[in-house]
There are 2 protein chains.
Amino acid sequence: MAQNLSDNVCFTLYSATNALVRAFRPLLDAYDLTYPQYIVMHSLWYKNQVSLKALAQDTYLDSSTLTPIVKRLEAKGLLTRKISPEDERKKIISLTEKGVRLQQDAAELTATLMARSSMSLERLEQLRLLSLELRTELAKAEAS
Amino acid sequence: MAQNLSDNVCFTLYSATNALVRAFRPLLDAYDLTYPQYIVMHSLWYKNQVSLKALAQDTYLDSSTLTPIVKRLEAKGLLTRKISPEDERKKIISLTEKGVRLQQDAAELTATLMARSSMSLERLEQLRLLSLELRTELAKAEAS
DNA sequence: TGCAAATAAGTTGTGCGCAAACTATTTGCG
DNA sequence: CGCAAATAGTTTGCGCACAACTTATTTGCA
């Protein structure tokens with residue numbers, strides 16, 4: 001017997017994430033960023049001057065996904081990509097002045113959006129922990 | 001002060017969903033389905049012979065996303081699309097024999113995957129309810 | 001009744017997300 | 001030391017996800 005879609009964890013997670021990205025869009029438009037681009041900027045605000053590989057690990061995105069995102073951010077003048085002198089296979093990604101400055105304006109967008117959702121901080125924190133647990137478990141299962 | 005990405009609900013939700021779709025891929029490959037295609041089949045197993053519009057509402061996907069997905073499922077012989085005689089703007093989507101038969105094999109894939117995650121049913125149910133709540137709240141905020 | 005507004009579905013263009021394949025370095029081991 | 005294996009990043013191809021726009025049909029109201 002098939003169940004209603006929303007009775008299914010996987011589907012609710014999937015559709016909630018789509019709704020989230022959709023809700024972010026108008027907020028991010030003001031900064032000319034997409035949500036994945038915002039994720040990359042966020043990662044760099046926390047830790048700057050990293051290799052693409054390190055950025056991939058932090059964002060859980062594939063390097064083949066990241067390369068074009070990072071190129072677009074470079075085209076917008078938010079970061080630079082320089083070959084590492086120590087290891088010429090690596091590219092070091094560094095925020096520009098403009099990229100650093102963006103943090104002041106844009107870093108609090110998540111808080112803005114979450115406030116608008118009118119969910120309590122406790123429930124959002126529960127959601128964060130459960131998502132984190134699922135991601136970790138699935139990564140474990142994948143490795144084996 | 002920028003925080004670590006995984007301290008952020010939005011990001012953990014986003015990366016957990018990517019991990020979920022990634023984990024589904026090898027399971028769904030056996031049935032020649034993508035995860036969004038599986039969602040559409042799931043919806044039809046629950047309620048067959050619906051318009052594209054109704055399918056869009058059930059899956060929370062845009063009609064412009066759904067049209068190509070449904071066309072691919074039609075090409076695989078899993079469903080048909082017929083113009084409604086009552087309202088010629090509508091297309092009625094109906095499972096074929098083959099599409100109905102697929103349910104027996106594929107309907108339990110979610111359970112299979114979730115079992116592999118080794119999260120308790122209680123925590124998965126919490127995650128479902130919180131995702132549902134967020135999706136609902138964001139949809140509300142969007143409408144206003 | 002006529003016709004503007006609403007509705008259903010499809011098209012186009014852009015940006016992911018990722019598997020698979022490729023190029024260019026570096027590593028490490030026989 | 002030499003060279004196969006590993007590693008870092010890019011390219012290609014496909015399928016979403018969705019905004020903006022288009023086409024075709026139906027609705028509703030002046």
Side-chain angles (χ1 to χ4, degrees), chain A residues 11 14-29 32-41 50-57 59-76 81-93 135 138-139 142, chain B residues 11 14-29 32-41 50-57 59-76 81-93 135 138-139 142:
Chain A
F11 173 72
Y14 188 81
S15 55
T17 298
N18 283 343
L20 186 74
V21 172
R22 219 179 300 138
F24 255 116
R25 207 181 318 268
L27 298 183
L28 287 169
D29 274 352
D32 188 29
L33 291 176
T34 65
Y35 185 63
Q37 288 167 15
Y38 182 60
I39 287 176
V40 168
M41 292 304 292
V50 294
S51 67
L52 191 88
K53 166 101 178 169
L55 201 53
Q57 279 165 349
T59 59
Y60 289 83
L61 290 170
D62 196 85
S63 67
S64 62
T65 300
L66 226 35
T67 295
I69 293 178
V70 164
K71 277 186 179 174
R72 279 178 207 114
L73 292 171
E74 186 183 32
K76 295 179 200 198
R81 303 188 301 149
K82 291 207 189 71
I83 290 173
S84 165
E86 291 92 48
D87 185 340
E88 298 194 3
R89 290 172 304 180
K90 291 189 183 174
K91 291 237 176 111
I92 302 301
I93 295 152
R135 188 185 73 194
L138 290 174
E142 184 189 10
Chain B
F11 174 72
Y14 188 80
S15 55
T17 298
N18 283 343
L20 186 74
V21 172
R22 221 179 299 138
F24 255 115
R25 207 181 317 267
L27 299 183
L28 287 170
D29 275 351
D32 189 29
L33 291 176
T34 64
Y35 185 63
Q37 288 167 15
Y38 182 60
I39 287 176
V40 168
M41 292 304 291
V50 294
S51 66
L52 191 87
K53 167 99 177 170
L55 201 54
Q57 279 165 349
T59 59
Y60 291 83
L61 290 171
D62 196 85
S63 68
S64 62
T65 301
L66 226 35
T67 295
I69 293 178
V70 163
K71 277 186 180 174
R72 278 179 208 112
L73 291 171
E74 186 183 32
K76 294 178 201 198
R81 302 188 302 150
K82 290 207 189 72
I83 290 173
S84 165
E86 291 91 47
D87 185 340
E88 298 194 3
R89 291 171 304 180
K90 292 188 182 174
K91 290 239 175 109
I92 303 300
I93 295 152
R135 187 185 73 194
L138 289 175
E142 184 189 11

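A, B, ... follow the sequence lines: proteins, then strands. Residue 1 opens every chain.
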task = Rounded off to whole Å, could you give me the NZ-to-C1' distance for the B:Lys91 and C:dA8 pair?
result = 10 Å

ask   = If you take all heavy atoms of B:Ile83 and B:Lys91, which pair is closest and at what distance?
value = CG1-CE, 3.9 Å

request  = Ignoring backbone atoms, establish whether B:Lys71 has a side-chain N or O less than 4.0 Å from OP1 or OP2 of C:dT11.
outcome  = yes

task = Give the nucleotide from the list D:dT10, C:dC16, C:dT26 with an atom nearest to the side chain of A:Glu88.
result = C:dT26

query = Does the side chain of B:Arg81 get closer than 4.0 angstrom to OP1 or OP2 of C:dA9 through an N or O atom?
reply = no

ask   = For C:dA24, does OP1 or OP2 lie under 4.0 Å from any side-chain N or O of A:Lys90?
value = no

key: Listed nucleotide nearest any side-chain atom of B:Leu61, set C:dA9, D:dC18, D:dT10   = D:dC18

request  = May I ask you to evaluate whether B:Arg22 reaches the phosphate of C:dC18, defined as a side-chain N or O under 4.0 Å from OP1 or OP2?
outcome  = yes

task = Please report the closest heavy-atom contact between A:Ser51 and A:Ile93, naming both atoms and the distance.
result = C-CD1, 4.2 Å

query = Tell me: CZ of B:Phe24 to C1' of D:dG15, nearest whole Å?
reply = 17 Å

key: Earlier contact from the 5' end, DNA chain C, for A:Asp87 and A:Arg72   = A:Arg72

note = From CD1 of A:Ile83 across to C1' of D:dG9 the rounded distance in Å is 10 Å

ask   = Of the non-hydrogen atoms in B:Pro26 and B:Ala23, which two are nearest, and what is the gap between them?
value = CD-O, 3.4 Å

task = Would you please confirm or rule out a distance under 4.0 Å between OP1 or OP2 of C:dA20 and any side-chain N or O of B:Arg25?
result = no

Atom pair distance, as rounded to whole Å: CG in A:Leu73 and C1' in C:dC16 = 13 Å

query = With respect to the phosphate group of D:dC16, does any side-chain polar atom (N or O) of B:Thr34 fall under 4.0 Å of OP1 or OP2?
reply = yes

key: Atom-to-atom span, CD of A:Gln57 to P of D:dT7 - whole angstrom   = 12 Å

key: Student check: side-chain heavy atoms of B:Gln57 and B:Lys53 closer than 4.5 Å   = yes

request  = Between B:Asp62 and A:Lys53, just flag the one whose closest nucleotide in DNA chain D comes earlier from the 5' side.
outcome  = A:Lys53

request  = Using only heavy-atom distances, decide whether a donor-acceptor pair under 3.5 angstrom links the side-chain of A:Ser64 to the base of C:dA19.
outcome  = yes

request  = Give the rounded distance in Å between these two atoms: CD of A:Glu74 and C1' of C:dG15.
outcome  = 18 Å

query = What's the shortest heavy-atom distance between A:Arg135 and B:Ser15, and which atoms?
reply = NH1-OG, 2.7 Å

ask   = For B:Leu28 and D:dG15, what is the distance between atoms CG and C1' respectively, to the nearest whole Å?
value = 14 Å

inquiry  = Taking any heavy-atom pair under 4.0 Å as a contact, classify A:Leu66: base, sugar-phosphate, or nothing.
reply    = nothing

task = Round to the nearest Å and state the distance from A:Asn18 atom CG to C:dG15 atom P.
result = 18 Å

note = Heavy-atom nearest pair, A:Ser63 first then A:Ala56, reads N-CB, 4.5 Å

message = Less than 4.0 angstrom between a side-chain N/O of A:Arg89 and OP1 or OP2 of D:dT10, yes or no?
response = no

key: Of A:Thr65 and A:Ala19, the one whose closest DNA chain D nucleotide lies more 5'   = A:Thr65

task = Give the nucleotide from the list D:dC16, C:dC16, C:dA9 with an atom nearest to the side chain of B:Pro36.
result = D:dC16

query = If you check the B:Ser63 side chain, which of C:dG10, C:dC16, D:dC16 turns out closest?
reply = C:dG10

